[in-house]
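Letters A, B, ... are given to chains in the order of the sequence lines, protein chains preceding strands, and every chain is numbered from 1. Every heavy atom of this structure was used, including side-chain atoms; hydrogens, water molecules and symmetry mates were not.
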Amino acid sequence: EAGVTQFPSHSVIEKGQTVTLRCDPISGHDNLYWYRRVMGKEIKFLLHFVKESKQDESGMPNNRFLAERTGGTYSTLKVQPAELEDSGVYFCASSQRQGRNEQFFGPGTRLTVL
Amino acid sequence: DAKTTQPTSMDCAEGRAANLPCNHSTISGNEYVYWYRQIHSQGPQYIIHGLKNNETNEMASLIITEDRKSSTLILPHATLRDTAVYYCIVGSARQLTFGSGTQLTVLP
């Protein structure tokens, strides 16, 4: 069974540009999460999808970030326009159902904003 | 979610048991204790979780005190590949709150 995959693995962009990160969860997992670690700080929750619906987006830092999960399969996280402080590693995770099941994390996308 | 306190770092000899403590004195009755680890810039990896009873799986054992204010993750026979940052997380399974964790270094 394939794990959670993320694309790209690395992205280097200039301040003001737009970047779109993609996450493919484990097949059959209804729950999809985005997290990020910026500049040596702790890993922080961004948002949670159940199928195509946003269940909790309390961690989204501002309106420059837009997450979508059309059709309830893969998800994208767009940053527009990117700022220097957005640099960091963005992780995606998925789980089978809400409750107490484990979250399976992808390898992350390292974003560098110059 | 309840706050957790973990030592910043620990060393363990290869082949010996690694015991990683975690304090969570403000845990509420329905909050679970989860352990994840992150091996050098990979994505976090689930290890184990529990509510009240001690738990064991193929990776580790989790010992939770009777008052639930602290817990210990036990890796019974640590290997060099267990070197990682270990996170003790209390609260919701839907929104994991990572702290700074414990850097475990397994020494040859």
**Shared hydrophobic cluster for A/Met60 and A/Tyr90 (ILVMFWY, side-chain gaps under 4.5 Å)** = yes
**Message:** What part of A/Tyr35 gets within 4.5 angstrom of chain B, counting heavy atoms only: side chain, backbone, both, or neither?
**Reply:** side chain
**Request:** Step through the shown structure and confirm whether more than 12 heavy atoms of other residues, nucleotides or ligands are within 6.0 Å of CZ on A/Arg64.
**Result:** yes
**Partner chain A: residue of B/Gln45, B/Gln42, B/Gln38 with the largest heavy-atom pair count (under 4.5 Å)** = B/Gln38
**Same cluster (ILVMFWY, side-chain, under 4.5 Å), B/Ile89 and A/Leu47** = no
**Prompt:** Looking only at heavy atoms, what is the nearest atom pair of A/Ile43 and B/Tyr87, with distance?
**Reply:** CD1-OH, 4.4 Å
**Asked** Quick one: are B/Ser41 and A/Val89 in side-chain contact, heavy atoms under 4.5 Å?
**Response** no
**Message:** In the structure I gave you, are the side-chain heavy atoms of B/Tyr46 and A/Phe105 within less than 4.5 Å of one another anywhere?
**Reply:** no
**Exercise: identify the closest heavy-atom pair between B/Arg94 and A/Gln103** = O-NE2, 3.5 Å
**ILVMFWY cluster, A/Leu46 and A/Leu21 together (side-chain gap under 4.5 Å)** = yes
**Message:** Distance check, rounded to the nearest 0.5 Å: A/His48 atom NE2 versus B/Leu96 atom CG?
**Reply:** 10.5 Å
**Distance in Å, B/Thr97 OG1 paired with A/Lys44 NZ, rounded so as to fall on 0.5 Å steps** = 7.5 Å
**Asked** Hey, any chance B/Met10 and B/Leu62 share a hydrophobic cluster, counting ILVMFWY side chains that come within less than 4.5 Å of each other, even indirectly?
**Response** yes
**Prompt:** Of the non-hydrogen atoms in B/Gln95 and A/Ser58, which two are nearest, and what is the gap between them?
**Reply:** NE2-OG, 3.5 Å
**Request:** Look at atom NZ of A/Lys15 and say whether more than 12 heavy atoms of other residues, nucleotides or ligands are closer to it than 6.0 Å.
**Result:** no
**Message:** Assigning hydrophobic clusters by single linkage (Ile, Leu, Val, Met, Phe, Trp, Tyr; side-chain heavy-atom cutoff under 4.5 Å), is A/Val113 placed with A/Phe91?
**Reply:** no
